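This structure is a prediction, so every number in the text was calculated from the model and none was measured. So you know, we letter chains A, B, ... as the sequences are listed, proteins then strands, and number each from 1.
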2 protein chains.
Amino acid sequence: MRSYCYAVRMPRVVDHAERRRQIVFALWLVIAEQGIEGVSLRHVAAEAGVSMGRIQHYFGTKEALVLAGCTALVDSAYGGYLETADAAPRDRLLHVVSQQIPQDDGGRIGVSVWYAYVAKSINHTAVRQVLAEARRGAEEECVRLIRAGRGAGADAEDPAALDQARRLLALADGLTLRVLVGDLEPDEAVAMLEAEVDRI
Amino acid sequence: MRSYCYAVRMPRVVDHAERRRQIVFALWLVIAEQGIEGVSLRHVAAEAGVSMGRIQHYFGTKEALVLAGCTALVDSAYGGYLETADAAPRDRLLHVVSQQIPQDDGGRIGVSVWYAYVAKSINHTAVRQVLAEARRGAEEECVRLIRAGRGAGADAEDPAALDQARRLLALADGLTLRVLVGDLEPDEAVAMLEAEVDRI
DNA sequence: GGTTTTGCAATACGATCGCATCGTAACAGG
DNA sequence: CCTGTTACGATGCGATCGTATTGCAAAACC
């Protein structure tokens, strides 16, 4: 029971986190292909090539699995942002608002899953909280980047920057949707966001 | 079989359209409360206070019911727009882009149902086509209103107006979402849209 | 008033669902 | 080798699903 070694302490040693990642990825694929309505333990298990029992073992209930898929999605986006740590504020700002525009198939999957969760968040408290926190974080980060870009110090409040951040993020959401349903080309959407960023 | 009279030609006369309206309204309520996942013929029947058989009689399948709910939603929004026929172009433009911001409970229901359909449109061709056509219509109308507002004639193309229309509509979608999940007050969203309209 | 057609309620059916349970293979520590 | 614990695969259960089917009441038409 007591663990003297650092990483491995269990019998039948497996990489717990890796197993969870595989299952969550299969969940995303199912959501992207069939929508959140199409999510069932059996479908996800088939997509991942594992048994239903495995999913139950790692996530317990369907509810928990779906929620884990949501937090994993948010974490993944945040990880992508952290990689831009040494870029200029203007470029980082552009990354935050245009990162979700689907440029390839992988991006399409991610953003269609994201929209599925957005719709779910309307009637699902836990999902709503996860997305709300992510959104607050993105908004604050945008405000910081806007202020850094114009060379302002860390002030208490900045209504103008907040307003611009909100407009930028809302615009990004709306444009993302257009691209997703095929009404708009990714290039056009990014160009519009770039113009908006440079107007600040 | 042959119908000599104009309106009524059937035995057991009922208002077919009215019955469909009642069922579709119950469908919207179910979607708003439980999301599209929660839609089942039994739930909708219970919400409408009718039997499942009635729904089958009027819509045939669940698929057809859901799609009818989508077109009815679009038609309803279009009807609201037509009522502004004698307003100034600037006010009509503001109506188009801010009409979906939920101001009361009725508005919340409508827009949460609308977002449910948006998510569904990602994986559902028929819904996507209905929404795409509505969006194209809104975009064209915005272009017309923008050009009318600045006193321009009916010209062939106007890239600047198209760009502004797209930005306005995308911004409206994004702001609507924020209001829906409670991140933003309706007043603030409308104020931002108004500022954007007046900047044109 | 009988016939025909429509409007629906009731129900039955097979598929699928989430989840609980059970059994067991694999491995760490003694 | 033995024991305990973990990691599952397999299976079963009750609920719920969409839809097909059946049957009957009410109204229009002859």
Problem set entry | B/R54 side chain near C/dA9 phosphate (N/O to OP1/OP2, under 4.0 Å) | yes

Exercise. Could you give the CD-to-C1' distance, from A/Q34 to C/dC17, as a whole number of Å?
Worked result: 14 Å

Exercise. Between A/R19 (CZ) and D/dT6 (P), how many Å, whole number?
Worked result: 16 Å

For this session: Return yes if some donor-acceptor pair links the side-chain N/O of B/T84 with the main-chain N/O of B/A87 below 3.5 Å, else return no.
Result: no

For this session: Check salt bridge (charged side-chain N to carboxylate O under 4.0 Å, His left out) between B/R90 and all other residues, then give those that pass, not counting sequence neighbours.
Result: B/E194, B/D198

Problem set entry | Protein-to-nucleotide contact annotation, 5' to 3' order, nucleotides 11-24 of chain D [B base; S sugar-phosphate only; - none; under 4.0 Å, heavy atom] | ------BBBB----

Exercise. Rounded to the nearest Å, what distance is computed from the CD1 atom of residue A/I55 to the C1' atom of nucleotide D/dC8?
Worked result: 12 Å

Problem set entry | Residue pairs, two or more places apart or on separate chains, that pass salt bridge (charged side-chain N to carboxylate O under 4.0 Å, His left out) and touch residues 39-63 of chain A | none

Exercise. Taking only residues two or more places apart in sequence, or in another chain, which ones meet A/Q164 in a side chain to side chain donor-acceptor pair (under 3.5 Å)?
Worked result: A/R150

Exercise. For A/E141, which residues count as a salt bridge (charged side-chain N to carboxylate O under 4.0 Å, His left out) partner, sequence neighbours excluded?
Worked result: A/R144

Problem set entry | Separation of atom NE2 in A/H16 from atom C1' in D/dT6, rounded to whole Å | 11 Å

Problem set entry | Any residue meeting salt bridge (charged side-chain N to carboxylate O under 4.0 Å, His left out) with B/D163, in chain and number order, not counting sequence neighbours | none

Exercise. Do A/V179 and A/M192 share a hydrophobic cluster (ILVMFWY, side-chain heavy atoms under 4.5 Å, transitive)?
Worked result: yes

Exercise. Heavy atom of residues 123-130 of chain A under 4.0 Å from DNA chain D: which residues?
Worked result: none

Exercise. Under the salt bridge (charged side-chain N to carboxylate O under 4.0 Å, His left out) rule, what pairs show up with a residue in residues 94-105 of chain A, not counting sequence neighbours?
Worked result: none

Exercise. Mind checking what makes salt bridge (charged side-chain N to carboxylate O under 4.0 Å, His left out) contact with A/E188, not counting sequence neighbours?
Worked result: B/R166

Atom pairs and distances, donor-acceptor, side-chain atoms in residues 20-37 of chain B, under 3.5 Å, two or more places apart:
{"residue": "B/R20", "atom": "NH1", "partner": "B/Y58", "partner atom": "O", "Å": "3.0"}
{"residue": "B/R21", "atom": "NE", "partner": "B/E18", "partner atom": "OE1", "Å": "3.1"}
{"residue": "B/R21", "atom": "NH2", "partner": "B/E18", "partner atom": "OE1", "Å": "3.2"}
{"residue": "B/W28", "atom": "NE1", "partner": "B/G69", "partner atom": "O", "Å": "3.2"}
{"residue": "B/E37", "atom": "OE2", "partner": "A/K120", "partner atom": "NZ", "Å": "2.8"}

Exercise. A/H57 has an atom NE2; how far is it from atom P of C/dC22, in whole Å?
Worked result: 18 Å

Only pairs under 3.5 Å count here: list side-chain donor-acceptor contacts from residues 112-119 of chain B, not counting sequence neighbours, and write none if there are none.
{"residue": "B/S112", "atom": "OG", "partner": "B/R108", "partner atom": "O", "Å": "3.1"}
{"residue": "B/S112", "atom": "OG", "partner": "B/I109", "partner atom": "O", "Å": "3.1"}
{"residue": "B/Y115", "atom": "OH", "partner": "B/D173", "partner atom": "O", "Å": "3.2"}
{"residue": "B/Y117", "atom": "OH", "partner": "B/V66", "partner atom": "O", "Å": "2.7"}
{"residue": "B/Y117", "atom": "OH", "partner": "B/C70", "partner atom": "N", "Å": "3.3"}

Exercise. Taking both distances under 3.5 Å as the test for a Watson-Crick or G-U pair, what stems of at least three pairs does DNA chain C have?
Worked result: C:1-30 with D:1-30

